[in-house]
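In what follows, a single structure is set out as structure tokens and then discussed.
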Amino acid sequence: MEILDGKKVSNDIKSEIAAEVAKMKERGEKVPHLAAIIVGNDGASLTYVGSKVRSCERVGFESTLVKMPSTTSEQELLKKINELNEDSNIDGFIVQLPLPEQIDTQKVIMAVHPDKDVDGFHPTNFGKMALDMSTFIPATPFGILELLERYNVDTKGKHTVVIGRSHIVGRPMSILMGRKGWPGNSTVTLTHSHTKNITQIISQADIVISALGVPNFLKAEMVKDDAVVIDVGITRVPDDSRERGYYITGDVDFENVSKKASYITPVPGGVGPMTIAMLLKNTLLARERHRNRE
């Protein structure tokens, strides 16, 4: 069994991006600029956005953090998004999800200009991804592809089972694993809450990608020997015996599943760090595109 070490690979990617940014500076070029909008005070979101800002500093990007109160109206947020769309200094930006209930998430995703949508959520970018065209791939699926590639995991002709059909992970992952090329060329089954015989389907998978958000859902008896297991789930489980009052776990019963798997991602330290690294990669790509247009 080999651990797919997202922490190590993400550090490698950040070092590669930092080297690229250093060359840009030497040539006197503008360095990439990533902005993030956060609405409200969700603890997990604040932690996540904070780590994005620190990652920008590490690779030499400029970064802007726009904090808005939880009482922000949809109109106010859309106005701010429009400002960032029109700001030529900013190459890419994200709106941190989830948003407060008074704001329509779909409207917000549609408002971000596709050229600056480094999250890869806009229908234009999602459609291009589905058609195998060059575009921004959503950061988490992009990170999973990168892990599979860097560990030389064979995906051709394999049966990949994706658990969960979210627009952020499950659905794009199912499209990407079935695309021509590598990683890809696998036969994909997309499962969800209405799938019958889900255990039986999972037990036939060569590659399992779980993005369900249910702690320890995937048990050892559900996976076949030598399966590749990618755990996208990340849940805070309350635990008074710990200093923080919780511990973080994934969808996979790691201790037992790891005894059967050929490759597996840990939680934390697997897919999570890759998401931020690929967001930076998308921002670098956005900068290159804007420079070519200029």
Side-chain angles (χ1 to χ4, degrees), residues 7 10-11 13-15 17-18 20-22 24-25 29-105 107-122 125 136-140 142-143 168 234 236 244 248 268 271-290:
K7 203 168 182 186
S10 72
N11 280 325
I13 291 167
K14 286 175 188 173
S15 298
I17 293 171
E20 196 62 44
V21 172
M24 293 168 96
K25 284 181 178 170
E29 292 172 12
K30 177 189 176 307
V31 300
H33 187 159
L34 174 67
I37 301 175
I38 184 162
V39 184
N41 295 305
D42 178 72
S45 293
L46 286 166
T47 305
Y48 191 47
V49 169
S51 62
K52 286 173 183 172
V53 171
R54 286 192 300 277
S55 294
C56 282
E57 284 168 12
R58 181 185 155 181
V59 299
F61 284 10
E62 288 180 33
S63 68
T64 299
L65 179 56
V66 180
K67 286 184 176 172
M68 303 181 81
S70 56
T71 51
T72 300
S73 71
E74 191 178 274
Q75 260 339 93
E76 287 168 322
L77 177 56
L78 293 173
K79 186 174 176 233
K80 179 54 71 178
I81 288 169
N82 199 45
E83 281 173 27
L84 296 185
N85 281 336
E86 292 179 359
D87 186 344
S88 60
N89 191 37
I90 287 169
D91 295 295
F93 67 95
I94 62 144
V95 181
Q96 184 64 39
L97 304 177
L99 291 165
E101 56 187 25
Q102 73 270 19
I103 297 170
D104 182 341
T105 302
K107 270 191 194 170
V108 167
I109 288 169
M110 292 292 288
V112 178
H113 195 287
D115 282 351
K116 294 193 176 188
D117 167 42
V118 286
D119 258 337
F121 294 164
H122 193 282
N125 290 325
F136 298 121
I137 296 174
T140 302
F142 197 6
I168 294 171
I234 184 157
R236 289 184 178 194
R244 287 174 165 178
I248 286 174
V271 174
M274 293 300 296
T275 300
I276 292 176
M278 302 324 277
L279 184 70
L280 298 175
K281 204 161 181 174
N282 274 344
T283 306
L284 181 64
L285 177 69
R287 177 69 225 127
E288 286 167 357
R289 284 189 189 168
H290 295 155

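None of these values were measured; they are calculated from a predicted model.
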Taking all non-hydrogen atoms of both residues, which atom of Val39 and which atom of Ile103 are closest, and how far apart? CG1-CD1, 4.3 Å
As an exercise, state the distance from OG1 of Thr140 to CG of Leu279, rounded to the nearest 0.5 Å. 9.5 Å
Checking Lys30 side chain against Asn89 main chain: does a donor-acceptor pair fall under 3.5 Å? yes
In a check of side chain to side chain contact (heavy atoms under 4.5 Å, CB included) between Ile90 and each of His33, Glu83, His290, Glu62, which one passes? His33
Is Asn85 reaching over with its side chain to a backbone N or O of His113, donor-acceptor style, under 3.5 angstrom? yes
Where the side chain of Gln102 meets the backbone of Ser70, is there a donor-acceptor pair that is under 3.5 Å apart? yes
Option from Val112, Thr105, Ile168 for which side chain to side chain contact (heavy atoms under 4.5 Å, CB included) with Phe121 holds: Ile168
CE (Met110) with more than 12 external heavy atoms under 6.0 Å: no
Would you say the side-chain atoms of Asn282 pair up with the backbone N or O of Ile137, donor to acceptor, closer than 3.5 Å? yes
Assess, by modelled atom type and distance only, whether the side chains of Ser55 and Lys14 contain a donor and an acceptor separated by less than 3.5 Å. yes
Taking the side chain from Ser45 and the backbone from Asn41, do they hold a donor-acceptor pair closer than 3.5 Å? no
Scanning both residues in full, the closest heavy-atom pair of Val31 with Gly60 reads CG2-O, 3.7 Å
Does the cation-pi check pass for Arg289 over Phe136, that is, NZ or CZ under 6.0 Å from the six-membered ring centre and within 45° of its axis? yes
Whether the side chain of Lys116 engages the backbone of Phe93 through a donor-acceptor N/O pair (distance < 3.5 Å, no angle test) should be reported. no
When you measure from the side chain of Glu74 to the backbone N and O of Asp104, does any donor-acceptor pair fall under 3.5 Å? yes
Point-to-point distance, once rounded to the nearest 0.5 Å, from CZ of Phe61 to NZ of Lys52: 13.5 Å
Does Thr283 offer a backbone N or O that forms a donor-acceptor pair with the side chain of Asp91 under 3.5 Å? no
Side-chain ion pair, Glu76 and Lys79, N-O less than 4.0 Å: no
